[in-house]
Amino acid sequence: MRVAVYPGSFDPITKGHLDIINRASKLFDKVIVLVSINVVKSYVFSKEERVQMIRSCTTTLENVTVDTFSGLLADYVSQVDACAIVKGLRAVSDFEYEFQQALANKKLNAQAETVFLTTTAEHMFLSSSLVKQIAYFHGNISDFVPDEILQTVVLRLEQKSIENGG
């Protein structure tokens, strides 16, 4: 069985993330969307909330599961016997960082191949950070996040905006 791991913060999941998940699910027998912890980031949504949002957006994808991990990605890939790490690329600027990560993961786990999927032109500019910024200032994010989580994201970020005097 060809298992791939698609890691990320997913704070929140966007339509760009969902596009990569959909496409990866056609390439691999099983795709694990891994909500990973980046120690230099602060999150709007808890790990459990992010897992639940992803699950609600991927119910129709039978070969997609969601998990969390707070250690090294290379270790997780080894634990689940995955053959690939899936990474989405939006622009050339993403490539340098992701290439560095791919080389480090390959050094830590020689069996871990990184597969880069380029985003569709429609989603090239999209990031969770951009979604949070737009929603924080009460902008319309309906084109950027899946319908299943739209209200959850809007309510949380509007609440955060109000708490901060926005």
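Side chains are part of it too, since the values below use all heavy atoms of this structure and drop only hydrogens, waters and symmetry mates.
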Side chains of residues 35-45: which donor-acceptor partners sit under 3.5 Å, not counting sequence neighbours?
residue	atom	partner	partner atom	Å
Ser36	OG	Gly8	O	3.4
Asn38	OD1	Val40	N	3.0
Lys41	NZ	Ser9	OG	3.2
Tyr43	OH	Asn38	N	2.8
Tyr43	OH	Asn38	O	3.4

Indicate yes or no: at least one non-hydrogen side-chain atom of [X] is less than 4.5 angstrom from one of [Y].
X: Gln52; Y: Glu49; result: no
X: Thr120; Y: Arg23; result: yes
X: Leu18; Y: Thr58; result: yes
X: Arg55; Y: Val51; result: yes
X: Leu34; Y: Tyr76; result: yes
X: Val86; Y: Val31; result: no
X: Met53; Y: Val153; result: yes
X: Ile32; Y: Val66; result: no

**Asked** Does the pair Ile21 and Leu61 meet the rule for a side-chain contact (heavy atoms from CB on, under 4.5 Å), with working shown?
**Response** CA-CA 9 Å; Ile21 294 167; Leu61 301 172; 3.8 Å; yes

**Prompt:** What's the verdict on side-chain contact (heavy atoms from CB on, under 4.5 Å) for Lys30 and Thr65, showing C-alpha distance, side-chain angles and the deciding distance?
**Reply:** CA-CA 8 Å; Lys30 179 179 180 181; Thr65 62; 3.8 Å; yes

Transitive ILVMFWY side-chain link [X] to [Y], under 4.5 Å:
X: Val5; Y: Phe69; answer: yes
X: Val64; Y: Met1; answer: no
X: Ile134; Y: Val131; answer: yes
X: Ile54; Y: Leu157; answer: yes

**Message:** Does atom CD (Gln79) have a neighbourhood of more than 12 heavy atoms from anything else shown, all under 6.0 Å?
**Reply:** yes

**Request:** Would you indicate whether Phe125, at its atom CZ, is surrounded by more than 12 heavy atoms from other residues, nucleotides or ligands within a distance under 6.0 Å?
**Result:** yes

Minimum heavy-atom separation for [X] and [Y], please, with both atom names.
X: Asn63; Y: Asp29; answer: CB-O, 3.1 Å
X: Leu89; Y: Glu98; answer: CD2-CG, 3.8 Å
X: Val80; Y: Val3; answer: O-CG1, 4.5 Å
X: Leu27; Y: Arg2; answer: O-NH1, 2.8 Å
X: Cys57; Y: Ile149; answer: SG-CG2, 3.7 Å
X: Gly16; Y: Leu126; answer: N-CD2, 3.7 Å

**Salt-bridge contact Lys87-Asp94 (side-chain N to carboxylate O under 4.0 Å)** = no

**Item:** Ion pair Asp19/Lys15, N-O distance below 4.0 Å
**Value:** no

**Request:** Please test Arg90 against His123 for side-chain contact (heavy atoms from CB on, under 4.5 Å), starting from the C-alpha separation and ending with a verdict.
**Result:** CA-CA 8 Å; Arg90 292 172 294 199; His123 300 117; over 6 Å; no

**Request:** Using the six-membered ring wherever Trp is involved, compare the ring planes of Phe10 and Tyr6 and label them parallel, tilted or perpendicular (cut-offs 30° and 60°).
**Result:** perpendicular

**Message:** Return the OG to CZ distance between Ser46 and Arg50, rounded to the nearest 0.5 Å.
**Reply:** 7.0 Å

**Item:** Separation between CG of Leu73 and OG of Ser78, rounded to the nearest 0.5 Å
**Value:** 11.0 Å

**Message:** Determine whether a donor-acceptor pair (N or O, by modelled atom type, separation under 3.5 Å) exists between the side chain of Ser128 and the backbone of Pro12.
**Reply:** yes

Acceptor/donor pairs from residues 103-118 side chains to any protein atom, 3.5 angstrom cut, sequence neighbours excluded:
residue	atom	partner	partner atom	Å
Asn105	ND2	Gln101	O	3.2
Lys106	NZ	Ala110	O	2.6
Lys106	NZ	Glu113	OE2	2.6
Asn109	OD1	Gln111	N	3.0
Asn109	ND2	Ala74	O	3.2

**Prompt:** Could you go step by step and tell me if Thr14 and Phe144 meet the side-chain contact (heavy atoms from CB on, under 4.5 Å) rule?
**Reply:** CA-CA 6 Å; Thr14 68; Phe144 309 139; 5.7 Å; no

